[in-house]
Amino acid sequence: MRYPDIILTVGTLAMGVAAQVSSNGSAIFPLSNDTEFAFMLEATLSHSNNFGANTGEVLRAASQIIPGDFDSWYREFIFLANQIHGKAEAINAKRFPVSAREAYFRSATYYRAATTFLYANISDPRIYSVWDSALGDFDKAISLLPVPAERVNIPANNFTIPAIFYSAQSSVNTPNNHQQSPFNSTKRPTVIVGSGYDGSQEELYHSIGRAILDRGWNFITYEGPGQPTVRRQQGLGFIHNWWEVVTPVVDYLTKRHDVDMDKIGLIGVSFGGTLAPLAASREDRLSAVVAIDGLTDLFSALQSQFPPQINSLFESGNKTEFDALLLSFIGNPAMPTELRWIIAQSLWVFKTTSPFEWLTKLRDFKVDQTVANGIHCPVLIGEGENDSSAPGQAQEMMQFLRRKATYNLFKTDLGAGEHCQLGAEAQVAQVTLDWLSDVWEGINVPHNMTGGVY
Ligand SMILES: *[C@@H]1O[C@H](CO)[C@@H](O)[C@H](O)[C@H]1NC(C)=O
Ligand SMILES: *[C@@H]1O[C@H](CO)[C@@H](O)[C@H](O)[C@H]1NC(C)=O
Ligand SMILES: *[C@@H]1O[C@H](CO)[C@@H](O)[C@H](O)[C@H]1NC(C)=O
Ligand SMILES: *[C@@H]1O[C@H](CO)[C@@H](O)[C@H](O)[C@H]1NC(C)=O
Ligand SMILES: *[C@@H]1O[C@H](CO)[C@@H](O)[C@H](O)[C@H]1NC(C)=O
Ligand SMILES: *[C@@H]1O[C@H](CO)[C@@H](O)[C@H](O)[C@H]1NC(C)=O
Ligand SMILES: *[C@@H]1O[C@H](CO)[C@@H](O)[C@H](O)[C@H]1NC(C)=O
Ligand SMILES: *[C@@H]1O[C@H](CO)[C@@H](O)[C@H](O)[C@H]1NC(C)=O
């Protein structure tokens with residue numbers, strides 16, 4: 001996700017939608033003249049770096065998508081997904097497991113991509129049916145890994161956490177790489193990775209999972225309330241007490257024979273850059289936490305990008321008027337896609353029909369001094385040089401965590417400046433996983449790694 005990166009001037013609110021809007025994206029190389037489409041296309045394209053997409057397939061879809069036209073977005077991705085799915089089904093997976101796996105991984109990505117702009121109408125049955133196709137194809141793909149990954153349902157207080165455990169040996173490259181890893185016992189370091197506001201656990205295999213497995217470590221992903229599969233299958237919206245999600249995952253790890261409980265890392269991606277530190281403030285079995293990127297307060301990041309009229313209407317507490325105004329934006333093609341997307345997406349993930357209620361709840365997701373004081377392990381905080389979604393918040397998190405924190409700036413001139421460093425997955429993996437390794441081996445890590453050895 002990128003929260004609206006918008007400069008928006010609402011003219012006369014009394015007249016409803018007399019609005020003048022300009023938006024400012026910072027895609028590496030824009031694949032659409034709609035900045036939100038460009039960002040989401042880049043996110044999909046980035047999975048090509050780890051077998052989750054192919055560049056030609058995504059670029060072709062991009063060339064056919066009409067900027068701002070949600071139907072054309074869906075049409076192109078569902079076409080691509082169905083075509084690649086058809087190819088996957090036609091492959092004899094017993095004879096050609098690698099071919100089948102690669103096709104299923106890509107069709108799963110394209111099915112997920114097709115759902116991106118459907119949430120303006122949550123009665124749309126495609127929200128569920130297309131997601132089921134994505135899960136089905138992804139499960140076929142992971143069943144074809146050298147060591148199949150395991151789907152596990154972890155019980156939490158009053159919900160269930162769907163998780164996927166990839167054992168260290170399931171990497172395509174690991175069978176004889178133990179020289180690369182200083183850990184060669186049967187108990188392996190294990191990295192828990194969680195996504196954010198819209199990302200799925202499945203895509204994390206392509207963003208950082210393969211890189212974790214390549215280092216000879218276990219990798220586990222999970223989803224909590226508000227996240228794609230839990231939202232659909234259990235009807236639950238986001239909760240701020242994220243330790244209620246992560247602690248059961250850690251409990252699960254203690255029951256496995258192949259996990260080294262002294263070397264458990266937690267990585268949070270995007271809004272996960274808030275969720276992971278929140279969880280770590282009440283979960284002491286983690287030996288390191290990574291925020292990609294440092295995000296202390298999404299509510300105020302959004303507020304700083306809304307026009308003052310919207311903010312003062314919210315602060316006035318007039319829920320009726322506030323809701324009517326924001327709901328009117330969702331279906332208004334004159335509004336920037338960023339704004340239409342964030343409102344629709346937020347109502348979906350918070351399971352509410354009221355924008356006022358969404359923002360009220362969002363206020364509770366905050367990494368502050370108290371949260372930071374509760375964290376007792378090293379924290380790596382990333383920042384993308386051109387990620388303007390939450391300016392200053394990575395630095396703010398550094399200040400809260402002081403000596404516990406390490407900072408790394410990902411540079412625009414190396415193609416890593418985007419939100420979550422989309423497209424520069426190898427740089428993220430190198431920085432974060434080498435840092436994790438140093439932490440686990442007791443090597444002193446610097447306070448600021450920018451431009452350093454990592
Ligand atoms: C986008 O941001 C750049 C750098 O902050 C600024 O110079 C430019 O004017 C902005 N463009 C728009 C359309 O707002
Ligand atoms: C963006 O718009 C310009 C001007 O209309 C056009 O030349 C260009 O091809 C468009 N680019 C994309 C990626 O749609
Ligand atoms: C939402 O989707 C449902 C199911 O497809 C449809 O019946 C309904 O008309 C849609 N609502 C709007 C506002 O488009
Ligand atoms: C789960 O239980 C907690 C209290 O233990 C409650 O605050 C929360 O609302 C419940 N969540 C759901 C989704 O029922
Ligand atoms: C790794 O294995 C080798 C030989 O099998 C052994 O000598 C070495 O002590 C092991 N290292 C660790 C860290 O367990
Ligand atoms: C909220 O705004 C509406 C529409 O402007 C107005 O009719 C209503 O009186 C306001 N309610 C309060 C409590 O101020
Ligand atoms: C992107 O980064 C460059 C530095 O490489 C900077 O000059 C530019 O202002 C940045 N743009 C945005 C929108 O952050
Ligand atoms: C880290 O170092 C870079 C480069 O030396 C510097 O620009 C940046 O301000 C530093 N950031 C922090 C949070 O220390």
Side-chain angles (χ1 to χ4, degrees), residues 10 12-18 69-71 73-75 78 114-132 232 273 277 290-296 309-333 335 340-341 343-345 347-348 353-357 359-360 367 372 378-388 390-414 416-417 421 427 431-432 435 444-454:
V10 174
T12 42
L13 284 176
M15 293 299 289
V17 279
D69 180 339
F70 295 176
D71 291 338
W73 176 284
Y74 178 80
R75 194 171 59 236
I78 203 71
T115 66
T116 307
F117 295 102
L118 294 179
Y119 304 100
N121 178 3
I122 63 164
S123 304
D124 189 331
R126 296 174 300 176
I127 289 173
Y128 296 87
S129 61
V130 176
W131 199 260
D132 287 345
R232 283 171 174 80
V290 179
I292 296 294
D293 290 320
L295 177 68
T296 50
Q309 294 95 323
I310 288 188
N311 291 326
S312 51
L313 186 55
F314 177 72
E315 298 302 343
S316 82
N318 191 330
K319 180 173 182 292
T320 315
E321 193 181 340
F322 185 81
D323 284 351
L325 179 69
L326 267 73
L327 291 172
S328 77
F329 292 162
I330 296 178
N332 184 346
M335 287 292 163
R340 301 174 65 193
W341 178 83
I343 300 170
Q345 176 72 21
L347 298 180
W348 164 251
T353 52
S354 160
F356 189 87
E357 190 182 312
L359 282 171
T360 304
V367 176
V379 181
L380 170 57
I381 298 167
E383 179 164 21
E385 189 179 12
N386 263 141
D387 181 2
S388 49
Q393 294 199 3
Q395 256 86 1
E396 188 183 35
M397 199 180 276
M398 287 293 293
Q399 281 152 20
F400 290 144
L401 286 159
R402 287 187 289 272
R403 280 180 303 129
K404 287 177 275 190
T406 296
Y407 173 84
N408 190 73
L409 183 68
F410 290 94
K411 306 294 283 287
T412 295
D413 62 5
L414 294 179
Q421 295 78 54
Q427 291 184 47
V431 168
T432 62
W435 176 85
N444 263 344
V445 290
H447 190 60
N448 185 348
M449 310 200 295
T450 310
V453 291
Y454 291 95

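Starting from 1, each residue takes its place in the sequence as its number. Treat the numbers as computed from the prediction; the structure is a model and nothing was measured. Each ligand, and each atom within it, is numbered from 1 in the order the structure gives.
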CZ-OH distance between Phe70 and Tyr119, expressed to the nearest 0.5 angstrom: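 Between Phe70 CZ and Tyr119 OH, I get 12.5 Å after rounding to 0.5 Å.
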- prompt: When rounded to the nearest 0.5 angstrom, what distance separates CG in Leu326 from CZ in Arg340?
  reply: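 It is 13.5 Å, given to the nearest 0.5 Å.
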query: With Asp132, which residues qualify under salt bridge (charged side-chain N to carboxylate O under 4.0 Å, His left out), at least two apart?
result: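 Result, salt bridge (charged side-chain N to carboxylate O under 4.0 Å, His left out) vs Asp132: none returned.
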field: Which residues share a salt bridge (charged side-chain N to carboxylate O under 4.0 Å, His left out) with Lys404, sequence neighbours left out
entry: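 In terms of salt bridge (charged side-chain N to carboxylate O under 4.0 Å, His left out), with neighbours along the sequence ignored, Lys404 is linked to no residue.
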Pick out the protein N or O atoms lying less than 3.5 Å from any N or O of ligand 8, and list each pair with its distance.
from	atom 1	to	atom 2	distance (Å)
ligand 8	2 (O)	Asn448	OD1	3.3
ligand 8	2 (O)	Asn448	ND2	2.3
ligand 8	11 (N)	Asn448	ND2	3.1
ligand 8	14 (O)	Asn448	ND2	3.0

query: What do you reckon, does Pro125 put a non-hydrogen atom under 4.0 Å from ligand 3?
result: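 In this structure, Pro125 qualifies as a contact of ligand 3 - some heavy atom is under 4.0 Å.
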message: Suppose we screen for side-chain contact (heavy atoms from CB on, under 4.5 Å). Which residues come up paired with Ser316, at least two apart in sequence or across chains?
response: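 For Ser316 the side-chain contact (heavy atoms from CB on, under 4.5 Å) partners, ignoring immediate neighbours, are Leu313, Asn318.
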field: Thr353 and Ile122: CA distance, side-chain angles, deciding distance, side-chain contact (heavy atoms from CB on, under 4.5 Å) verdict
entry: CA-CA 10 Å; Thr353 52; Ile122 63 164; 5.8 Å; no
